[in-house]
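Reading through the structure tokens given below for one structure.
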Number of protein chains: 2
Amino acid sequence: MREEDRNDIRKLTLFRNMTSPAFDELMHAAYDQVFPAQLELVRQGEAANFLHVVLEGAVELYANWQDRDTTMAVVQPVATFILAACMRDAPYLMSARTLQRSRIVLIPAVDVRAAFSRDPGFALATVQELAEGYRSLVRHAKNLKLRNARERLGAYLLQRSDYAGAQGFVLPQEKRLLASYLGMTPESLSRAFKALRDHGVHIDGMRVTITDPAALKALVQTDSLLDSPLNIP
Amino acid sequence: MREEDRNDIRKLTLFRNMTSPAFDELMHAAYDQVFPAQLELVRQGEAANFLHVVLEGAVELYANWQDRDTTMAVVQPVATFILAACMRDAPYLMSARTLQRSRIVLIPAVDVRAAFSRDPGFALATVQELAEGYRSLVRHAKNLKLRNARERLGAYLLQRSDYAGAQGFVLPQEKRLLASYLGMTPESLSRAFKALRDHGVHIDGMRVTITDPAALKALVQTDSLLDSPLNIP
DNA sequence: TACCATATTTGATCTGGATCAACCTCCGAC
DNA sequence: GTCGGAGGTTGATCCAGATCAAATATGGTA
């Protein structure tokens, strides 16, 4: 694994407070790999053998049942995914696929569990990570149950715009994925965007500009108990 | 606290593997209390000062935004709730209220966090509990996004019927709560019940009997990645 | 550059589930 | 018992969002 990647991983809150020997051991068992776009990394129902860390690219977590599919999350670098299944040693509840060519580190789940037992700093970080994951899912469920489609889109855009300059920001993924994540069809998303034009949102292709944040906030009523702050830098 | 209650708590997977001194210390800081029905125990947005354990009665976890409300879960004895907020030392994302007169133990969150650091058995159990909570929320979200109202009700009934005899089982809560939990209105729930009569479900007041499990399963297509097994005895 | 495949938008229509309005039914208090 | 109020059901209607169909845009590739 590249030295630089190692350092990026070391900086994650999950690994930041490990002792160096424990971290070294964990990395020793891990290996990184570059995957092409649209590759299925994980299929729901399989045993959780690896904790995954996305270093470059992007990964979609999705679920399906019968002939229906839904996007549960998009994981962007640098972040881990499917920690819960690894800790429980249980089958994955979601599938994962690369959206772009991606560099991903695979850490054997057994080693993660071993590190948990041996390194108190890592144990604490694991709990914090899982608890935060839990809380973000609570937010997601609240969002789905309490807001309508237009409100969900507005809230998402406000969240994304936190780190945007005057020239707005670019949607980090295809609109059909965003639609699925927000629990609507692509057609509905398109119409929701159009409806938000009257509430301070300007859109041009993938670039979004919030021209009137106050108006959008008035419509959406953002709420720290529903909308998690972005923690991408 | 009553000796019997202490023992019930000790049997929970969360506390089962603690050392006795650590458990004693945790219980020393805790106190139990009986609350009347319909009392708000926790309001969303407040600081998470206590881990709660329901010993008797039932507690609803719900969320609200603007003038809308939704039931997120019903917690039945013996079980804990809001562990994630306690571990993160963050504001509750959900409110909680008693549905019946309930006996509840309150354990100061600081002591829970201290026990986590001191007792490896408890640390492991905490992670398992959080990971399982995470997974059950993933299932809830998948359920909401992938199934329609009738399918959600059918899946819920099949899950509940696992431990039921020939005379069926009694719904553990009011139908309007069940409706809200399943993401629909009481009217829609009522109609969904009626629609399921053609698929092997007989209902009389609060008592439900699955007269033709095969027919219901054919409609609902239960799936271990969507429907969590009940672990009430 | 031209072409093709896929994403997106737009329009028309449909429908699951919400809403509104009665009405019923159960149960606890008196 | 009966009265009152909340929960539950039923019917009528509405509407947000899905579906279906077709036209455009976009991006990657030869």
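The sequence lines fix the lettering, A, B, ..., with proteins before strands; numbering per chain opens at 1.
For the side chain to side chain contact (heavy atoms under 4.5 Å, CB included) criterion with Ile104(A), the lone passing option out of Val59(A), Asp32(A), Val53(A) is Val59(A).
Taking atom CG on Leu171(B) and atom C1' on dG7(D), their separation rounds to 13 Å, with Å as the unit. In this structure, Glu174(A) atom CD and dA25(D) atom P are separated by 19 Å, rounded to whole Å. If you take NZ of Lys175(A) and C1' of dT26(D), they are 11 Å apart, rounded to a whole angstrom. Atom C1' of nucleotide dA25(D) and atom CG of Asp204(A) are separated by 12 Å, given to the nearest angstrom. At whole-Å resolution of the value, CD in Gln173(B) and C1' in dG8(D) are 15 Å apart. Rounded to whole Å, the distance from CG on Leu177(B) to P on dA6(D) is 16 Å. For Arg191(B) and dT9(D), the CZ to P distance is 11 Å, given to the nearest whole Å. If you take CZ of Arg152(A) and P of dA18(D), they are 8 Å apart, rounded to a whole angstrom.
Closest heavy-atom contact between Lys145(A) and Thr71(B): NZ-O, 2.9 Å. Closest approach of Asn49(B) to Tyr92(B), counting heavy atoms only: N-OH, 3.4 Å.
Aromatic ring pairs are classed by plane angle as parallel below 30°, tilted from 30° to 60° and perpendicular above 60°; the pair His140(B) and Tyr181(B) is parallel.
Here the side chains of Leu93(B) and Arg139(A) are in contact, with some heavy-atom distance below 4.5 Å. You'll find the side chain of Leu196(B) reaches within 4.5 Å of the side chain of Arg150(B), heavy atoms only.
Among pairs with a residue in residues 188-216 of chain A, those fulfilling side-chain hydrogen bond (donor to acceptor under 3.5 Å, both in side chains) read Thr185(A)-Ser188(A), at least two apart in sequence or across chains.
Residue Asn148(A) places its side chain closer to dA16(D) than to any other of dA16(D), dT9(D), dC20(D).
A 4.0 Å heavy-atom criterion places the boundary nucleotides of DNA chain C facing chain B at dG17(C) to dC20(C), written 5' to 3'.
When each of Arg150(A) and Glu187(A) is assigned the nucleotide of DNA chain D with its nearest heavy atom, Arg150(A) is the one assigned upstream, toward the 5' end.
At the phosphate of dG8(D), neither OP1 nor OP2 sits under 4.0 Å from any side-chain N or O atom of Ser190(B).
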